Protein chains: 2
Amino acid sequence: MKILLVEDSSSLRRSISIGLQNLGFTVDDTGDGSEGLSMALTGDYDVIVLDIMLPSIDGLTVLKTLRSSHKDTRVLLLSAKSQPEDKVKGLLTGADDYLTKPFSFDELHARLLSLLRRGTLRKDIDNVELAGLILDMQLKTLRFGNKFIDLTPNEYKIVECLFTNQNIIVTPEKLSEHLAGQYDAVSKNSIEAHLSSARKKAKLAGVELPIQTKRGFGYMITQ
Amino acid sequence: MKILLVEDSSSLRRSISIGLQNLGFTVDDTGDGSEGLSMALTGDYDVIVLDIMLPSIDGLTVLKTLRSSHKDTRVLLLSAKSQPEDKVKGLLTGADDYLTKPFSFDELHARLLSLLRRGTLRKDIDNVELAGLILDMQLKTLRFGNKFIDLTPNEYKIVECLFTNQNIIVTPEKLSEHLAGQYDAVSKNSIEAHLSSARKKAKLAGVELPIQTKRGFGYMITQ
DNA sequence: GTATATCTTAAGTAATTCTTAAGTTAATTC
DNA sequence: GAATTAACTTAAGAATTACTTAAGATATAC
C-alpha cells in the first residue's frame, strides 16, 4: 500500500511518515503543493493525505487539479481549521475524507484503513437499474426486461459512463476519455453517432434511453 | 489459527464463535457482507466461514470479489438452501467446501480441520460439467462423453479458466495471468491461437466449445 | 543431444465497429 | 419568425479486432 503525504509542517510530516511506515505502508512525502501535485499525477498511490495549507499551491487547488485530470486516487484532507465550510468545500472538491488538526495518529490510521477498504470495494458494485433498464457491468450488457440490447463496445461504454454518473452532466470530453483513455481521443461527432445508434437500438427493443441532452454542455441522466 | 466468520444470524454467529474459540481458534466475526469482505481483504485469515444470505452484499458476491482480488484464503460456504444448484454455484465461484444448514457443530469443526490440513489449496470439486463437456481439474483433461479432447497445457488452462469463471467476462489479461502468472505475460495473439486450436479440436470431437467472444472485452461462458 | 511437442509470431482473411461527412432536425438568439 | 448554432441521423469508407494457419522458436522428454 502506497501513500503520498503532502504536509507543510516538517515535524508533523516526519512523525506521520515514520508512523505509517512502521505500520507497513510505503510512504512518499513532500511539504510543497506543486511538488505534491506532480507526484500525485505521476505516481501510483492508493491514498493521498493532503494538507490544505501549503506553500506554492494550496491543497484544495491540488485536489481540484487532480480531479479534473480524472485521477481517482482517494484523498484524505487535513486542515487546521475546523470550520464546517472548509470541510464541505473539501468534500465538494472531491475529497474522500476530512480530518481536522489536531488529530490522534490512531484516528488517521483508522480513516486510512477505511479509505483503502473502500478502494478495493468500489469496483465491484456491478449492476445499475434505471427505468427498467439493467446495466450489467460484469457482462458488459444492457437489457430491458429479458430483452438484451446488443450494443457495440463504444455504445456500451457511453451508456455505462452515463449510468454511473447520474444527476451529473457528462461532457463529451469525459465520454471521450472513458472510451479512449487519457492518451487518445474520440471526436464529438463520433460520440453523437454512437449515442444515436444506441438510442435507436433501445427504441427498437421498446424503451427510450433515459439520457437527456444538455445542449451546450453534454448529457445527463435524471430519475 | 485465525478464522473469519461472516454470518447473518447473531445467535448462530455467537454460538459458532464461542465454540470455535473454546477449541483454540482465534475468531473474528461480523454479520454484514460488506464488512466481512473488507475484513477478508485486509485481515490474514486461515479460513473464512461465509454465509450466503447476508445483508448489504451476499456471500457469493463476497466470495467472487475475494477471488477476483486474488485472495486465496480458504472459504467454507454456509447455506440455508440445500439445492444442488446452490452448491455447484458456490463451488464454481471459488469456495473450497460447502455446508448446508442445519448442521452440527461437530460437522463444521471436522470440515474446518480438513480445510486447515490441506497443504495446498485444492477445490473440493474437481470437475465441471457443461454442455456435455466434462472438465477434470485433477486429471487436467477435457472430455465429451467418453471421447477425450486432447489439449496442450495452455489450451487446457484457457478452457479451465473460462469454465471456472462462468457468467463473467474473462479478459485476455486475466487469461494471460492464468497461463503465465503475475510476473510474465502471454500475448493476446497467442491466446487467440490457443483458443482457436482448442475450438478446432473440440469441433473435431463433435462439440462446439461453449465459449463466446465478447468483442472488445474478452471471452465468456454462459449456460 | 536428439526428437518431439508446444508455444509464439506473423501474415492473411473475415467480420465487426468506428469515424467521417453531409444532410436533417431541433433549439436558441436576435 | 428568420438566422444561427448545436445536436441528430445516416451511410460509406476506414480502421480495428478477432480468427485461422503455418512456420520458426522454444521447451520438454527421452
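Residue numbers start from 1 in every chain, and the chains themselves are labelled A, B, ... in the order their sequence lines are given, proteins ahead of strands. Quick caveat, the model's predicted, so the values are computed rather than measured.
Contact between Ala131(A) and Val207(A) at its shortest, heavy atoms only, is O-CG1, 4.4 Å.
Near DNA chain D, defined here as any heavy-atom distance below 4.0 Å, the residues from residues 207-220 of chain A are Thr213(A), Arg215(A), Gly216(A), Tyr219(A), listed numerically. Of the residues in residues 148-158 of chain A, those lying under 4.0 Å from DNA chain C by heavy-atom distance are Thr152(A), Pro153(A), Asn154(A). Contacts between residues 189-206 of chain A and DNA chain D, defined by a heavy-atom separation under 4.0 Å, are made by Asn189(A), Glu192(A), Ala193(A), Ser196(A), Arg199(A), Lys200(A).
Protein chain A contacts DNA chain C over a range whose 5' and 3' limits, counting nucleotides with an atom under 4.0 angstrom from a non-hydrogen atom, are dT17(C) to dT28(C).
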Considering only distance and modelled atom types, tabulate donor-acceptor pairs under 3.5 Å from the side chains of residues 190-197 of chain B, sequence neighbours left out.
from: Glu192(B); atom 1: OE1; to: Asn189(B); atom 2: ND2; distance (Å): 3.4
from: His194(B); atom 1: NE2; to: Asn154(B); atom 2: ND2; distance (Å): 3.4
from: Ser197(B); atom 1: OG; to: Glu155(B); atom 2: OE2; distance (Å): 2.8

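At most 12 heavy atoms of other shown residues, nucleotides or ligands fall within 6.0 angstrom of atom NZ in Lys214(A). Lys203(A) NZ: 12 or fewer foreign heavy atoms inside a 6.0 Å radius. Around NZ of Lys200(B), the count of heavy atoms belonging to other residues, nucleotides or ligands within 6.0 Å does not exceed 12.
For the helix from dG1(C)-dC30(D) to dC30(C)-dG1(D), the terminal axes (five pairs an end, C1' atoms, rotation from four pairs onto the next four) enclose an angle of 50°, given to 10 degrees.
By the 4.5 Å heavy-atom criterion applied to side chains, Ile158(A) and Ile211(A) are not counted as neighbours. With contacts defined as side-chain heavy-atom distances shorter than 4.5 Å, the pair Leu50(A)/Leu66(A) does not qualify.
Mapping Ser187(A) and Ser187(B) onto DNA chain C by nearest heavy atom places Ser187(B) at the nucleotide closer to the 5' end.
Of the possible polar contacts, none joining the Thr30(B) side chain to the Val6(B) backbone as a donor-acceptor pair under 3.5 Å is found. Checking side-chain atoms of Ser56(A) against main-chain N and O of Ser34(A) turns up a donor-acceptor pair under 3.5 Å. Using a distance-only test at 3.5 Å, with no hydrogens or angles considered, no donor-acceptor pair links the side chain of Asn165(B) to the main chain of Ile168(B). Remark: the backbone N or O of Asp150(B) is paired with a side-chain donor or acceptor of Lys201(B) at under 3.5 angstrom. At distances below 3.5 Å, at least one donor-acceptor pair connects side-chain atoms of Thr65(A) with backbone N or O atoms of Thr61(A).
Distance, Ile169(B) CD1 to dA18(D) P: 12 Å, rounded to whole Å.
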Going through the distances and angles, do Glu129(B) and Phe163(B) end up as a side-chain contact (heavy atoms from CB on, under 4.5 Å)? CA-CA 9 Å; Glu129(B) 196 186 329; Phe163(B) 269 60; over 6 Å; no
Pair Thr141(A)-Arg143(A), side-chain contact (heavy atoms from CB on, under 4.5 Å): steps then yes or no: CA-CA 7 Å; Thr141(A) 55; Arg143(A) 66 176 214 271; 5.7 Å; no
Show the numbers, then the answer: is there a side-chain contact (heavy atoms from CB on, under 4.5 Å) between Leu112(A) and Val49(A)? CA-CA 9 Å; Leu112(A) 280 178; Val49(A) 179; 3.9 Å; yes
